[in-house]
Asks: 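Quick one: structure below, then a few questions.
Per chain, numbering begins at 1; letters A, B, ... match sequence-line order.
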Amino acid sequence: MKKMLDLIVTENNQLNQNYFLLKLTTPNNEKLPEMLPGQFVEVRVDNSTSTFLRRPISVNFVDTEKNELWLLIQVIGDGTRQLSLCKIGEIVNLLLPLGNSFSMPQNKNSELLLIGGGVGTAPMLYWGKILKDAGFKPNFLLGARSAKDLLQLEDFSKYGEVYTTTEDGTAGEKGFVTNHSILQNKDFTHIYTCGPKPMMMAVAKYANQKNIECEVSLENTMACGFGVCLCCVEGTKNGNLCVCTEGPVFNINDLKWIN
Amino acid sequence: MKKMLDLIVTENNQLNQNYFLLKLTTPNNEKLPEMLPGQFVEVRVDNSTSTFLRRPISVNFVDTEKNELWLLIQVIGDGTRQLSLCKIGEIVNLLLPLGNSFSMPQNKNSELLLIGGGVGTAPMLYWGKILKDAGFKPNFLLGARSAKDLLQLEDFSKYGEVYTTTEDGTAGEKGFVTNHSILQNKDFTHIYTCGPKPMMMAVAKYANQKNIECEVSLENTMACGFGVCLCCVEGTKNGNLCVCTEGPVFNINDLKWIN
Amino acid sequence: MDKLKVNIGNLELKNPVMTASGTFGYGVEYSDFIDLSKLGGIFVKGTTLHARQGNAYPRMAETPAGMLNAVGLQNKGVDYFVSHIYPELKDIDTNIIVNVSGSTIEDYAECAARLTDLDKIPAIELNISCPNVKEGGMAFGTSVCSAAEVVKAVRSVYNKTLIVKLSPNVTDITEIAKAVEAEGADAVSLINTLLGMSIDINKRKPVLSTITGGLSGPCVKPVAIRMVWQTYNAIKIPIIGMGGISSWQDAIEFILAGSSAIQIGTYNFIDPTISEKVLIGIQQYMEKYKVTHISDLVGQI
Amino acid sequence: MDKLKVNIGNLELKNPVMTASGTFGYGVEYSDFIDLSKLGGIFVKGTTLHARQGNAYPRMAETPAGMLNAVGLQNKGVDYFVSHIYPELKDIDTNIIVNVSGSTIEDYAECAARLTDLDKIPAIELNISCPNVKEGGMAFGTSVCSAAEVVKAVRSVYNKTLIVKLSPNVTDITEIAKAVEAEGADAVSLINTLLGMSIDINKRKPVLSTITGGLSGPCVKPVAIRMVWQTYNAIKIPIIGMGGISSWQDAIEFILAGSSAIQIGTYNFIDPTISEKVLIGIQQYMEKYKVTHISDLVGQI
Ligand SMILES: Cc1cc2nc3c(=O)[nH]c(=O)nc-3n(C[C@H](O)[C@H](O)[C@H](O)COP(=O)(O)OP(=O)(O)OC[C@H]3O[C@@H](n4cnc5c(N)ncnc54)[C@H](O)[C@@H]3O)c2cc1C
Ligand SMILES: Cc1cc2nc3c(=O)[nH]c(=O)nc-3n(C[C@H](O)[C@H](O)[C@H](O)COP(=O)(O)OP(=O)(O)OC[C@H]3O[C@@H](n4cnc5c(N)ncnc54)[C@H](O)[C@@H]3O)c2cc1C
Ligand SMILES: Cc1cc2nc3c(=O)[nH]c(=O)nc-3n(C[C@H](O)[C@H](O)[C@H](O)COP(=O)(O)O)c2cc1C
Ligand SMILES: Cc1cc2nc3c(=O)[nH]c(=O)nc-3n(C[C@H](O)[C@H](O)[C@H](O)COP(=O)(O)O)c2cc1C
Ligand code: FES
Ligand code: FES
């Protein structure tokens, strides 16, 4: 069941120049609604004269012990800038949980690669945790411009092997995620990816060629986030589907990206 | 010369439920521009989605020693609410100084009464100070709903005798300013007033009957505050005049309020 | 609660607060957030005779205090509605009103006809004002002749309450309103979206795939209020007002301008519970000012 | 700085950034805030043949991301302008353009004629779109015939650059633009204000003394951009675009939509230095994208 909730900011950590990690909890110790990996929330931004609509943000992590929801925010325009300025104790209004989720592999021996680029790493942390809890050994391949843009590496390493690329070579392998040697050296059965569209398309193409199951998480612009405006559609083999309800996670076989 | 300035909040004191006293200074210790009693500033309100235009606010006081401008804010809608939430160190953008000013009496023996109602007391404090500095002995007659709404009384008493009325009788004489006994007991040569329009009209009528020089400070709604939009006009004996440039202070003889 | 009851033709509303087509899905999408039975009515998605895929992505652009959309009436067609969607809706305890669109007069009439027999659909809203489709749509709503023609055709096949939704993209909305009234519409609803456009200055391309799209949200409210007021002074049938409502104060403003009932559109995206809040606010306003019946406020300025 | 030069008829602008009539006084009111000589031009207050007191107070209402005004062309008449105001302005080192209004065609023509001989007034802007006056004003701008007639009359007595300011309150702005072009206008400017209305729900009265008024500010930008784009595709004479510009990004959007130059209106009230900021932003954008001349951006989407 979707809810509109006022959550309280418990932490706001600046991770680098443009990235902030916001931690939120319920005001009355009520349990947070269950959230699935790959789902997102719609955040209301007050105090921004140029922000009218809510902003979709992925579930970065759910700390069930502390009853905390984590949001990884990349500052893009005034909406995300205002979110990055949230102070501890402030109230943030959210709609949640929204969208579908990544699908759990059937076979426990599956070799899983979770590829995140830029702010697209956000959903991978929680997905990795859920996979590990379910008995899988996920691998993470995280790409960024530069060493300082590789975020939450310690958190990721709790749930699996972490591989990285940077465009300037300041950390991990130099280049894009699709050039990383792990793709040559290891055989994966499943790839999950989120990031800039060109990156996801390259990953999808690679997975398709190698016959690897592949799910991508899309970030189409949204007006509502819960399936009523029909603005966020992606053209799929089944027609125009709403990314906010039938996605954000799609199997690449359902998209029109490849041939 | 009018300026657009970023000032820094040095204090924000809540005076009662709806009133806040904001003190501002220049960021670089530069001297504040000269402001005349009766003038106002146009404050830019950021962070309020429903506030598009600047908000006109009277000069409540200028503390030349501390280089501070005081603004007395009554919370009415979202614009003034956001101003009331300003924190120390925050930047507020203002246009100033705007409008004309009260006129200095010629004769040093003039008996002066400064009547303020509600937030209309704001300009009277600075005007009282300037009058005292010029060698006058101003009297203040301040009206409010209730004792807790009589504000800055200590400050006022530095510059002259203070008389008060409250509608509920919790302080001073019970009733409206126009019923205060001082108007019977003392002969005034000049009255200056600012407050709700019905109050100012009653005062103007009284002054006119008694042949007392009277200036009123108007609060017509404004879009610009510096004479370019022509939205703030008051019908005067000389046609429609802009309250923001030819006012806010008018001699009642120039208005069409009486006969 | 009788003081909130409103009649629009033969349609009985328990209160004047309704939700606008294209912004409220089929209603059920909101059932997690609000009690749908509290609403006066729900205007469901724009429905056409045949299924439509709608326009290409991107379909939306945020604008100052509003948004542009270019959805283009994506829907599965009226037959699918009748067979698959209607059964899911018919037990919701409020009025479900179908927003009907078309590219030709025949389409409109045929689509309307197929909705006549649905017991729990007491009314349709004829959308002659959609700016997001190539043929038909808004074209019908911007000329007196074609507006009259389409209403006439539909009226002859549809005998329940017929509401006609007007376009604001006209020189004089009262002319269209009068023409539509003359052809037997039971009510008009206004405004649909204003035609607008937004450009991505870095890509140097329009943001929307369709170049232009429909503007909605608080930014359009002053135009909508003006058109409701003008129309109120020109026709006798009731007006359902909308355009930028984001609070109960806005709803009262529309009622005072001459709306017998109102619809909330875009703001449902920002606050999916806004309709309930608007209803409560209207009730409190009426109590504060001792208004005995909501109709005592309609057009009373 | 030649890359910013723009020609509108015989009018030469040092850059495309100008300020809109009714929002910039006679320019001098801004000289405390900015260097007026940096501007491409200043459109001064609406001027009529005879003095006008304008409408009664209240004349303004704030709206979401905008405002309504009902000033009603308060001004001291063209003769007063010529004898008293012009001498104060004539040494400002930028183009001063007078916005001319009237209630009859003869008024327009006579008013324009009296401005012809002013050396330092290289152009006039014919306001056939003012929504705030009872007769004339917008009525001229909402019908093809009367728009054509008034332009024809003025053209015959005014031989400098003639800019005609169009009303957005029409079904099809391109028709009016074409009519005006055919009568010899050198350029069109758009948009004037959208007709809007606002109600005080506690007093149950319209906020404006005139009931309806003109809507301006960021809220109208999407409508303005759309109309500029439509007009750009319909006529050959240059377009001066405006409506809601509050940043250099907005200015670029208008230029890409087809404006050869732009005017900033309401936002001058919020930031009296905005015009300078817009100019700097345009220059930086051109540098970033290596645009060799501003005209290379006009309509390039
Ligand atoms: C399902 C989903 C999950 C997301 N998860 C996260 C997350 O976890 N963390 C995070 O920081 N961001 C996430 N985003 C992206 C985030 O929603 C946008 O960055 C945000 O809405 C930008 O708002 P703004 O007001 O800061 O910028 P705006 O002022 O709205 O935009 C600035 C510029 O960026 C462009 N832009 C904005 N949003 C998008 C978009 N979605 N696609 C393409 N261009 C865009 C605009 O056109 C504009 O040019 C997600 C988006 C979606 C749809
Ligand atoms: C020259 C001048 C000096 C002023 N000095 C002060 C001052 O020192 N301190 C102070 O607190 N306020 C002062 N005001 C009034 C102040 O500008 C308004 O209260 C403020 O603009 C309200 O903004 P808001 O966003 O809080 O409320 P809004 O949301 O703008 O308004 C809320 C409600 O109040 C009504 N309203 C708002 N402003 C006015 C007005 N000026 N007249 C009548 N009705 C109005 C609106 O119509 C609306 O219904 C002054 C006004 C003027 C013109
Ligand atoms: C995303 C979206 C889709 C819409 N689809 C329709 C539609 O199918 N039929 C219709 O008549 N109006 C449609 N509208 C217009 C709304 O019903 C309403 O008339 C308009 O948005 C103004 O109201 P608002 O400002 O409250 O949103 C749509 C509006 C939006 C924002
Ligand atoms: C207070 C005010 C007065 C105006 N007066 C005039 C006028 O006299 N003549 C005219 O052609 N336009 C007038 N306008 C319209 C503006 O010039 C401009 O066309 C409109 O405001 C849209 O631009 P903006 O959104 O940048 O303000 C006026 C606008 C405002 C806000
Ligand atoms: S964002 Fe509204 S339907 Fe997906
Ligand atoms: S407020 Fe604009 S002229 Fe006075």
Asks: Mind listing the donor-acceptor pairs under 3.5 Å that bridge chain C and chain A?
Replies:
unit_1, atom_1, unit_2, atom_2, d
C:Asp32, OD2, A:Lys2, N, 2.7
C:Gln53, O, A:Asn240, ND2, 2.7
C:Gln53, OE1, A:Asn240, N, 2.9
C:Gln53, OE1, A:Asn240, ND2, 3.3
C:Tyr57, OH, A:Thr221, N, 2.7
C:Tyr57, OH, A:Thr221, OG1, 3.3
C:Arg59, NH1, A:Leu230, O, 2.7
C:Glu62, OE1, A:Arg55, NH1, 3.4
C:Glu62, OE1, A:Arg55, NH2, 2.7
C:Glu62, OE2, A:Phe52, N, 2.7
C:Glu62, OE2, A:Leu53, N, 2.8
C:Glu62, OE2, A:Arg55, NH1, 3.2
C:Gln74, NE2, A:Asn240, O, 3.2
C:Tyr267, OH, A:Arg44, NH2, 3.4
C:Ile270, O, A:Arg54, NE, 2.7
C:Ile270, O, A:Arg54, NH2, 2.8

Asks: Looking at every non-hydrogen atom in both residues, tell me the closest pair between C:Ala224 and C:Phe254 and how far apart they are.
Replies: CB-CZ, 3.6 Å
Asks: Using ring centroids (six-membered ring only for Trp), state whether A:Phe226 and C:Phe269 fall under 6.0 Å.
Replies: no
Asks: Please report the shortest heavy-atom distance between C:Gly243 and C:Val220, naming the atom on each side.
Replies: C-CG2, 3.7 Å
Asks: State, to 0.1 Å, how close A:Pro56 and A:Met222 come at their nearest heavy-atom pair, and which atoms those are.
Replies: CB-SD, 4.1 Å
Asks: Please report the closest heavy-atom contact between C:Ala123 and C:Ile163, naming both atoms and the distance.
Replies: CB-CD1, 4.4 Å
Asks: Counting heavy-atom pairs closer than 4.5 Å to chain A, which one of C:Gly54, C:Pro218, C:Ala56 comes out on top?
Replies: C:Pro218
Asks: Spell out, as yes or no, whether a donor-acceptor pair under 3.5 Å connects the side chain of C:Asn169 to the backbone of C:Leu195.
Replies: yes
